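On a predicted model such as this, the values are computed, not experimentally measured, just so you know. Scope of the values below: all heavy atoms of this structure, side chains included, with no hydrogens, waters or symmetry mates. Letters go in sequence order (proteins before strands), and every chain restarts at 1.
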Number of protein chains: 2
Amino acid sequence: MAATYMADGDLFTCPVEATTSLIGKKWVPTIMMTLADQPYRFEALHSTMAASKKVLKQQLDVLIANGLVHNDKQQRDNQVISSYSLTAQGTALMPVIFAMKEWGTQHLVCDASGSRSEV
Amino acid sequence: MAATYMADGDLFTCPVEATTSLIGKKWVPTIMMTLADQPYRFEALHSTMAASKKVLKQQLDVLIANGLVHNDKQQRDNQVISSYSLTAQGTALMPVIFAMKEWGTQHLVCDASGSRSEV
DNA sequence: CAGAATCCTATGTGATACTG
DNA sequence: CAGTATCACATAGGATTCTG
C-alpha cells in the first residue's frame, strides 16, 4: 500500500505534488511570508496585497484546513476581531518558502527592461 | 525601481511567486525529480507519469524557456532522438524540491483510510 | 518516436455589490 | 470590520486524433 498525502482535500501519491498544491495557490506564499512576521487581522492582511477579499479568504481557509494557519476570533463591542497567525506546521514550511525565494532571486532576476541581468 | 523576476513569460515582483509559477505546474516537480536521476527521451519520460503528451510537452517547454531543462535532438535512421536533461540551473532547484518533499512527507502523510497518521 | 492540432471542461481568480 | 454572494473570464489540464 502506497503512502498517500492529503493536501487541500485531495490525495496525492507524491509529497511534492501535495505540497505544491498548497504553495501553488497564487497568494499563499505572500500570505505565509506576511504572517511569518506577525499575526494580522483580516483587513490589515488584505491591505498588504492585491488579492480580492474572496480569494484571500479562500486561500486562508485552505491553509487553516491544512493546519498551517490559525484563526482567532474575539467579540468586542459588537465587532469581530479576527486574527490570523502561523501554526507550528506553518512555521515549519517557511524554510522551504525562503529556499524558493533564494532560488528565484538568484536565477530569475531581471531588470526593468525585461532582460536577464548577470548574477 | 523594484526588481522584477521573469518566469514562464510573466513578470513578478515577488521571487517566491515567480518560482511557484514554475514549480506549481502540475507535472513539473515530477519531471524535475525524474530528470534529476538521468536524461530521458520523450517517450521514456512520458511512460513514467500519467500526464498526457500535450501537457508534458507544454511543461517541458516552460522549463526549457526558463533554462531549467535542456533538449538535445539528433537525427538517426529517419528518426528523431529527443533527449531531455537538467541544466545547472535546473539542478540548483532540486534542493528546493527536496525540501518540499521533506516537508510534505513529515506534515501531510496519511494512511490509506485517509486519517492523518502520527509523525 | 516525437510531437502538433483540436476540442472540451473544471476551476482559479477577479470585480463588484451586499450583509451583520 | 469581516466576511458572503454573484457574475464573468482566462487558462490549465485532459482526451482524442493526426502527422512526418
Student: When you group the ILVMFWY residues by side-chain heavy-atom contacts below 4.5 Å and let the links chain together, are B:L22 and A:F98 in the same group?
Tutor: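 Cluster IDs for A:F98 and B:L22 match.
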Student: Under 4.5 Å between any side-chain heavy atoms of B:L45 and B:L56, yes or no?
Tutor: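 In short, these two side chains touch, coming nearer than 4.5 Å.
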Student: Atom CE of B:M49 to atom P of D:dG13: distance rounded to whole Å?
Tutor: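 Whole-Å distance recorded here is 14 Å.
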Student: Quick one: are A:V28 and A:V62 in side-chain contact, heavy atoms under 4.5 Å?
Tutor: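 Not touching, per the 4.5 Å side-chain cut-off.
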Student: Quick one: bend of the helix from C:dC1-D:dG20 to C:dG20-D:dC1 from 5 pairs per end, to 10°?
Tutor: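 About 40° separates the two local helix axes.
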Student: Kindly state each residue pair satisfying ring-ring contact (aromatic ring centres under 6.0 Å, His included) with at least one member in residues 27-81 of chain B, sequence neighbours excluded.
Tutor: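 For residues 27-81 of chain B, and leaving out neighbouring residues, there are no ring-ring contact (aromatic ring centres under 6.0 Å, His included) pairs at all.
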Student: If we only count heavy atoms from C-beta on, is the A:V109 to B:Y5 side-chain gap below 4.5 Å?
Tutor: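 SC-SC contact between A:V109 and B:Y5 confirmed.
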Student: Atom CD1 of A:I64 to atom C1' of D:dA2: distance rounded to whole Å?
Tutor: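 Atom-to-atom, A:I64 to D:dA2, this comes out as 13 Å.
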Student: Is it the case that one hydrophobic cluster holds both A:M100 and B:F12, taking links as side-chain heavy atoms less than 4.5 Å apart, direct or via other members?
Tutor: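 As far as the 4.5 Å side-chain criterion goes, B:F12 and A:M100 are not connected within one cluster.
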Student: In this structure, how many angstroms lie between the C1' atom of C:dC1 and the CG atom of B:N78, rounded?
Tutor: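 It works out to 12 Å between those atoms.
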Student: Specify the separation, in whole Å, of atom CD of A:Q74 and atom C1' of D:dA2.
Tutor: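 From A:Q74 CD to D:dA2 C1': 15 Å.
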Student: Can you confirm whether B:K101 sits close enough to A:T19 that some side-chain heavy atom of one is under 4.5 Å from a side-chain heavy atom of the other?
Tutor: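 Answer no - side chains too far apart.
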Student: What string of B, S and - do you get for nucleotides 2-17 of chain C, 5' to 3', if B is base contact, S is sugar-phosphate-only contact and - is no contact with any protein heavy atom under 4.0 Å?
Tutor: BBS-BB----SBBB--
Student: Please tell me whether A:V55 and A:M49 are part of a single hydrophobic cluster in this structure, the criterion being side-chain heavy atoms less than 4.5 Å apart.
Tutor: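 Yes, it is one cluster - the side chains of A:V55 and A:M49 are joined through contacts under 4.5 Å.
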